[in-house]
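A note on names: the letters A, B, ... follow the listed sequences, proteins ahead of strands, and every chain is numbered from 1.
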Amino acid sequence: MPELPEVETLRRELDRAVKNKIIKSVEVRWPKLVKPLSANIFSKKLIGQKIISTDRRAKILLLKLSKGDKKTRDGFLAIHLKMTGQLIFRPKKGRLVIGGHPLPPPPNLPLGQGEGLNSNLPHKHTHIIINFTDGSTLYFNDIRKFGWLKIFDAKSLEKLSAEFGPEALSDQFNLKKFQEILKKYPNQKIKQLLTDQKLIAGIGNIYADESCFCAGIRPTRLVKDIKLSEINKLLLCFKKTLKLAISKGGTSSDTYVKLNGQPGGFVPYLKVYGRQGEKCKKCQGLVEKIRLNGRGTHFCRSCQK
DNA sequence: TGATATGTTATCTT
DNA sequence: CAAGATAACATATC
């Protein structure tokens with residue numbers, strides 16, 4: 001679930017929470033998530049470090065560390081939530097900050113009542129625990145254990161960053177840039193390019209479908225068959241959709257329930273994702289679901305050509 | 001029981 | 001060699 005809006009939302013909330021906190025201890029319960037480092041070395045590298053600031057590249061959350069590598073002076077803890085990762089910050093006192101994949105409440109509690117597994121930490125899906133000196137804690141939970149935490153110095157981070165295309169929401173990502181990228185892949189289906197992080201950083205399956213609907217373009221359309229005016233529309237659409245999603249708290253999961261029990265922010269705005277078989281919100285047709293490059297793909301046949 | 005799942009990468013198969 | 005398809009990661013849900 002976490003695409004650009006979700007990770008960005010998490011970053012903003014976490015920024016306030018963890019900035020200037022100093023790491024006191026680290027517990028790695030599932031060492032695979034910190035590969036290639038061993039649990040021990042991973043922990044050692046983090047202990048004593050202060051969180052200076054937060055950043056995001058594509059769908060990766062970055063925490064800048066104080067001491068960093070001796071040579072480069074910069075150090076970053078990079079966190080990728082992949083499909084089911086979740087970060088929970090528990091202050092010594094006060095509300096939890098949660099970002100990423102939601103976890104359901106216990107079976108005996110209806111949705112919206114209580115905080116479910118989220119309130120009982122750590123639990124069986126908690127794989128990394130970072131304790132700060134002020135008594136607060138950051139938990140990394142991940143049901144499917146696809147996510148990871150890595151430590152980068154400035155150089156290796158730059159290398160990682162170079163593997164991604166420009167940020168979808170950056171000003172540099174304009175029509176000219178978009179055209180330039182698309183031009184190289186005339187025979188590709190448009191959705192595949194939208195979700196390719198090497199070309200555009202931040203768009204995942206959900207927002208790709210939503211953006212295509214917004215632009216009236218079928219996800220399966222070949223790039224060479226898309227007019228310039230449509231390319232422009234698609235550009236405006238994915239920017240608009242991503243920004244709206246961020247403003248709504250970046251929620252895109254249909255199972256997401258916030259701590260206060262309110263349904264997630266962006267769900268009501270979904271036009272096609274997860275709505276297969278339901279009536280299109282623009283016309284009277286039904287939303288269809290197909291498989292495109294191995295991913296579920298949703299569109300309205302009459303609104304999207 | 002089997003199909004499906006939001007991300008990414010490795011490894012097969014054309 | 002390259003594009004495309006599929007498996008893999010590990011678990012839960014419908």
>> Work out how far the P atom of B/dG2 is from that of C/dA7, and round it to whole angstrom.
In response: 15 Å

> When you compare C/dT6 with B/dA3, how far apart are their C1' atoms, in angstrom units rounded to a whole number?
Replying inline: 16 Å

>> Hydrophobic cluster membership, with links at side-chain heavy-atom distances under 4.5 Å among I/L/V/M/F/W/Y: are A/I22 and A/I130 in one?
In response: no

> For DNA chain C, whose closest nucleotide is more 5', that of A/K145 or that of A/K189?
Replying inline: A/K189

>> SG to SG below 2.5 angstrom is the rule I want applied to A/C300 and A/C280. Does it hold?
In response: no

> Between A/K150 and A/P36, is there a donor-acceptor pair closer than 3.5 Å when you use the side chain of the first and the backbone of the second?
Replying inline: no

>> Over all strands shown, is A/K289 touching base, sugar-phosphate only, or nothing at heavy-atom distances under 4.0 angstrom?
In response: sugar-phosphate

> At under 4.0 Å, does any side-chain N or O of A/Q188 touch on OP1 or OP2 of C/dG4?
Replying inline: yes

> For C/dA12, does either OP1 or OP2 sit under 4.0 Å from a side-chain N or O belonging to A/H125?
Replying inline: yes

>> Rounded to whole Å, how long is the line connecting atom CE of A/M83 with atom C1' of C/dC9?
In response: 10 Å

>> Please report the distance, rounded to the nearest Å, between CG in A/L81 and C1' in B/dA5.
In response: 16 Å

>> How many whole angstroms separate atom CZ of A/F146 from atom C1' of B/dG7?
In response: 9 Å

> Taking atom CD1 of A/I217 and atom CD of A/E230, what is their separation to the nearest 0.5 Å?
Replying inline: 5.0 Å

> Between B/dA5 atom P and A/D142 atom CG, what is the distance in whole Å?
Replying inline: 18 Å

> Of the nucleotides B/dT6, C/dA12, B/dT4, which has the atom closest to the A/R144 side chain?
Replying inline: B/dT6

> Does A/K59 put a side-chain nitrogen or oxygen below 4.0 Å from OP1 or OP2 of B/dG7?
Replying inline: yes

> So, for A/Y207 and A/A245, which heavy atoms are closest and what is the spacing to 0.1 Å?
Replying inline: OH-CB, 3.3 Å

>> Counting only side-chain nitrogens and oxygens, does A/N293 get under 4.0 Å of the OP1 or OP2 atom of C/dA5?
In response: yes

> For A/K124 and C/dA12, is the shortest distance between a side-chain N/O and OP1 or OP2 below 4.0 Å?
Replying inline: yes

> Hey, does the side chain of A/H80 come within less than 4.0 Å of B/dT8's phosphate (OP1/OP2), counting only N and O?
Replying inline: yes

> Can you tell me how far P of C/dG4 sits from CG of A/L222, to the nearest Å?
Replying inline: 10 Å

>> Counting only side-chain nitrogens and oxygens, does A/Q197 get under 4.0 Å of the OP1 or OP2 atom of B/dT8?
In response: yes

> Nearest-Å distance, CD (A/E163) to P (B/dA10)?
Replying inline: 10 Å

> Under 4.0 Å between a side-chain N/O of A/K32 and OP1 or OP2 of C/dC9, yes or no?
Replying inline: no

> Taking atom P in both B/dT8 and C/dC1, what distance in whole Å separates the two?
Replying inline: 27 Å

